[in-house]
Amino acid sequence: IKKGASSVEGVEVKVWQVPEILSEEVLGKMGAPPKTDVPIISPQELAEADGILFGFPTRFGMMASQMKAFFDATGGLWREQSLAGKPAGVFFSTGTQGGGQETTPLTAVTQLTHHGMVFVPVGYTFGAKMFDMEKVQGGSPYGAGTFAGDGSRWPSEMELEHAFHQGKYFAGIAKKLKGSSA
């Protein structure tokens, strides 16, 4: 996603993570990977962005609770309508093939809608590769996706290409929207 968005001239990409809400004990029992050194975002920092791609793992066909808690903390932004009109998209990982490659982004759209954000799905702009049935691959017209399995599976080359495409496609649209509002 980041590589694709960064490939659009004049686009600056920042990567953030939301605050963790689960204890180390629970994370250990879940087999969660260690946290990265990516900075933690505050809700107010969303208002500074020209466009936002939200990425998250799926839990029971919906975004993980950490992401939902973060969205719940954006009430002040909602009250001020600070995110209204900003382009937004989603990308995701699921544990299994039946684990929410479409329900996860569909349920995330409600968060974006309440903020008045402009949902930018990738649609079928990735082309025929989305229809390849020879290999297991995540993703949908809602956004790039991968199957994480038990956490040991890494994104396939096709999934990485889809993510690059989504980042580039989204950044191009966000850039156009920003330019039209100037």
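Computed from a predicted model, the values in this text were never measured in an experiment.
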[atom1]/[X] to [atom2]/[Y] distance, rounded to the nearest 0.5 angstrom?
X      : Y      : atom1 : atom2 : value
Thr146 : Met158 : OG1   : CE    : 12.5 Å
Ile1   : Leu160 : CD1   : CG    : 10.0 Å
Lys86  : Glu48  : NZ    : CD    : 8.5 Å
Leu77  : His115 : CG    : NE2   : 6.0 Å

Any side-chain to backbone donor/acceptor pair from [X] onto [Y]? Under 3.5 Å, distance only.
X      : Y      : result
Ser6   : Lys3   : no
Gln166 : Val90  : yes
Arg153 : Ala148 : no
Trp16  : Val38  : no
Gln17  : Thr36  : yes
Lys2   : Val15  : no

Indicate whether the side chain of Thr104 and that of Thr58 have a donor and an acceptor atom separated by less than 3.5 Å.
->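 Their side chains do contain a donor-acceptor pair, which is all the 3.5 Å distance test asks for.
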Side chains of Gln101 and Thr94: do they bring a donor and an acceptor to under 3.5 Å?
-> yes
Taking the side chain as C-beta and beyond, is there a heavy-atom pair between Leu46 and Phe70 under 4.5 Å?
->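 Yes. Closest side-chain heavy atoms under 4.5 Å.
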Are any non-hydrogen side-chain atoms of Val18 and Phe71 less than 4.5 angstrom apart?
->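 Not touching, per the 4.5 Å side-chain cut-off.
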Counting only heavy atoms from other residues, nucleotides and ligands, does the tally under 6.0 Å from [atom1] of [X] exceed 12?
X      : atom1 : answer
Gln81  : CD    : yes
Met62  : CE    : no
Lys168 : NZ    : no

Aromatic centroids of Phe54 and Phe92 separated by under 6.0 Å = no
Are Phe56 and Phe91 near enough that their ring centres are under 6.0 Å apart?
->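 Distance test on ring centres: not under 6.0 Å, no.
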Run the side-chain donor-acceptor check on residues 20-33: report pairs under 3.5 Å with partners two or more places apart or on a different chain.
unit_1: Glu20; atom_1: OE1; unit_2: Lys35; atom_2: NZ; d: 2.8
unit_1: Glu20; atom_1: OE2; unit_2: Leu22; atom_2: N; d: 3.0
unit_1: Glu20; atom_1: OE2; unit_2: Gln66; atom_2: NE2; d: 2.8
unit_1: Ser23; atom_1: OG; unit_2: Val26; atom_2: N; d: 3.1
unit_1: Glu25; atom_1: OE2; unit_2: Lys29; atom_2: NZ; d: 3.3

Would Lys135 and Glu159 satisfy salt bridge (Lys or Arg N to Asp or Glu O under 4.0 Å), going step by step from the backbone distance to the final call?
-> CA-CA 11 Å; Lys135 299 177 190 138; Glu159 291 167 333; over 6 Å; no
